[in-house]
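Just so we're clear, the structure is a prediction, and the values are computed from it rather than from any experiment. Order of the sequence lines fixes the chain letters, A, B, ..., with proteins taken first and strands second; residue numbering starts at 1 for each chain.
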2 protein chains.
Amino acid sequence: MIQKYKNEEKVLVAVDCIIFGFDQQDEELKILLIKRNFAPEKGKWSLMGGFLHADETLKDAATRILHSLTGLHNVYLEQLKAYSEIDRDPVERTISVTYYALINIEAHDVELIKKNSARWFKMSNCPKLIFDHNEMVNDAIERLRYRASTQPIGFELLPVKFTMRQLQKLYEEIMDEKLDKRNFTKKINSFNILEKLKEKNKKSSKKGSFLYKFNQQKYQQKIKNGFGFKI
Amino acid sequence: MIQKYKNEEKVLVAVDCIIFGFDQQDEELKILLIKRNFAPEKGKWSLMGGFLHADETLKDAATRILHSLTGLHNVYLEQLKAYSEIDRDPVERTISVTYYALINIEAHDVELIKKNSARWFKMSNCPKLIFDHNEMVNDAIERLRYRASTQPIGFELLPVKFTMRQLQKLYEEIMDEKLDKRNFTKKINSFNILEKLKEKNKKSSKKGSFLYKFNQQKYQQKIKNGFGFKI
DNA sequence: TCAAAAGTGTTCACCGTACACCCATGG
DNA sequence: CCATGGGTGTACGGTGAACACTTTTGA
C-alpha cells in the first residue's frame, strides 16, 4: 500500500457560486444571493456556497450547490479563482473556489429559493456581502464580460426563443454600455448561429419583434473552429 | 468563542508552479521541471510544487515554493486554476492550485536547481509529467498567450536591457508564430513604454542592435489606464 | 392618427497586415 | 568586399463606429 502524506496539514475547501440571471421582465442582469440562516454572519447576504466533499470534484460540488438552490441541472458553470486569505472566514481557515453560473431566470425553482431565503438582486444594486464575497462578485463580472466578448455566452441566460432586442439588452447589461442596434444586429448575424423564426413577440411593442433561436449545430461548429466572436 | 465547522471534511491542498523562462542563449521559451526524488512516481518529471501551510495564502505558498527552487524573490506570479479530480494524486485526495511564474532565466540560482534535480526544458519538447501536470502546463501556456497579447508581460522574462529583436523573438516563442519585424517595432513603439539606450548589443550581429529598457513609470501609468496593448 | 419600438445601409476613419531595400560592421 | 543581421515606410483592405428614416400596429 502506498504511504500517505502524513505530516501535511489539511484545510477546509469551500465552493461559492456567483449565479447570474437575466430578468426578462425588467431586462436587468441579476445575481442570486442567500440570506444566511446560520452562524457566522447570520442574517447577512451571501453567495450560495458549501464545502467540498471527499468524493466529488470542485465542479461536482458547484453543481450540487447550484442544484440545491435552483433545482436546475446542466447549468453553464465556469471556475473562476481560489481565495485563500488566512482569515477570510473568521470561524476556521477555509479556502474557497468560486464558480460562476449562467441560468435562465425563468427556469429556476421558486419554492427552493424561498426555502433558502434567497433573492435576486440587480447587479447594479448588490448589497454588502459577508467575508470576501463582494470581491468574488466583482471578479466574476469581469470574467463574464470577457467571456461575453469572446463567445456568445448570453444564450445561456435567455429562453429558447428570444428577440434580437432582448439579446442586445442582455449584452448591454453585461457590458454596462449602450450598443448601436444596427451594428449589433449586423455583428450577431455575421456569426450565423441564429435561426430567425416566423413568430413574433408582441409583448414589447405594437409592431412586435421577430423571435430567434440558437442553432446548436452551427454554434458547436463555431466553438470548434475557435470563433471570431467579438462584441 | 465561535463554533468550528465540525462535521466538514478537510482535504490536502497543493500548489504547483509552472515556471517559464526565456533562454537568451538559444532564444527559446522554457519551463523549469524537477525530477522527483520521492514517492510516488520517483524519478519522473514533474512541476515544482508543495503543500499549502495553515499560516499562508496560496500565493504565499507559491512564492515560497518558487523561492526554494530558484532563490528568487519578487517574481511575477499569477493564479491559474484549481485541479480537483478525485484520483489525480494516487496517494491521497489532494486538490492543487496552479500558479505560473515568469522569471529571468539568467537570474536564478543554479546551485539550487541542481540540488532539486531540476532542469529547463524547451516548451516544444516538454516530457511526459506525473499526474495531471501536462494539462496544467497546457493551460498555463494558453493563459500566458492571452496575457502576453493583452499586457507587455514579456518584460518579466528579459534582462533589464534587451534588444528589440530579443523582445520580438520572445513574443514569437510565446505565440508560436512568426511576426513581421517592422510591424512589431511599430506596435511596441506606439505604446511608448520603452526607453531606447545609446548602447548596442553586438553579440548577435556585426552592426549591433540597440538596447532598450523598460520605462517603469510609463508602464505603471498604462496599466492604470487599462492599456490598449494588443499584439 | 399617433406613439412606440422594430428593422434596415452607407460612409468614414483607423488599424492590422503585407511587403523590400539600404545600413553598419567584423571578419 | 561581402555576409549577416538591424533598421525603417507605405499602400491596401477590412473592421468597428457613427448615423436617420421608414414600417407596423395597438390604442
**OP:** Show your working on side-chain hydrogen bond (donor to acceptor under 3.5 Å, both in side chains) between B:Y83 and B:D16 and close with a plain yes or no.
**Re:** CA-CA 10 Å; B:Y83 296 78; B:D16 288 302; over 6 Å; no

Original post:
Does B:T98 use its side chain to pair, donor to acceptor, with the backbone of B:M136 at less than 3.5 Å?
Top reply: no

**OP:** Determine yes or no for a side-chain-to-main-chain donor-acceptor pair under 3.5 angstrom, with B:Q168 supplying the side chain and B:L179 the backbone.
**Re:** yes

Subject >> hbond_proxy A:K207 side chain to D:dT23 base (donor-acceptor, 3.5 Å cutoff) >> reply: yes

Subject >> Residue mapping more 5' on DNA chain C - nearest nucleotide basis, A:T163 or B:K202 >> reply: A:T163

Original post:
When you measure from the side chain of B:K187, which nucleotide among C:dG16, C:dG26, D:dA18 comes out closest?
Top reply: C:dG16

Subject >> Interatomic distance, B:E199 CD vs D:dG6 C1' [rounded to whole Å] >> reply: 17 Å

Original post:
Where the side chain of A:R182 is defined as all heavy atoms beyond and including C-beta, which of D:dG7, C:dA6, C:dG9 is the nearest nucleotide?
Top reply: C:dG9

**OP:** Could you tell me whether the side chain of A:K181 has a donor or acceptor atom within less than 3.5 Å of a complementary atom in the base of C:dA6?
**Re:** yes

Subject >> d(NZ, A:K200; C1', D:dT25) in whole Å >> reply: 9 Å

Subject >> Rounded distance in Å - CG (A:D180) to C1' (C:dT11) >> reply: 14 Å

Subject >> Check: B:F162 ring centre within less than 6.0 Å of B:F155 ring centre >> reply: yes

Original post:
Roughly, in whole Å, what's the span from NZ in B:K206 to P in C:dC22?
Top reply: 20 Å

Original post:
What integer distance in Å separates B:K178:NZ from C:dT17:C1'?
Top reply: 17 Å

Original post:
To the nearest angstrom, how far is A:E177 atom CD from D:dA18 atom C1'?
Top reply: 14 Å

Subject >> Side-chain donor/acceptor of A:H133 to backbone N/O of A:S46, under 3.5 Å >> reply: no

**OP:** Just compare C:dA5, D:dG7, C:dA18 and give me whichever is closest to any side-chain atom of B:N183.
**Re:** C:dA18

Original post:
In whole angstroms, how far is the C1' atom of D:dT8 from the CZ atom of B:F210?
Top reply: 13 Å

**OP:** Record whether the side chain of A:K186 comes under 3.5 Å of the base of D:dT15 through a donor-acceptor pair of N or O atoms.
**Re:** no

Original post:
CG of B:N201 versus C1' of C:dG26: gap in Å, rounded?
Top reply: 15 Å

Subject >> Along DNA chain C (nearest heavy atom to each residue), the more 5'-positioned of A:K196 and A:S204 >> reply: A:S204

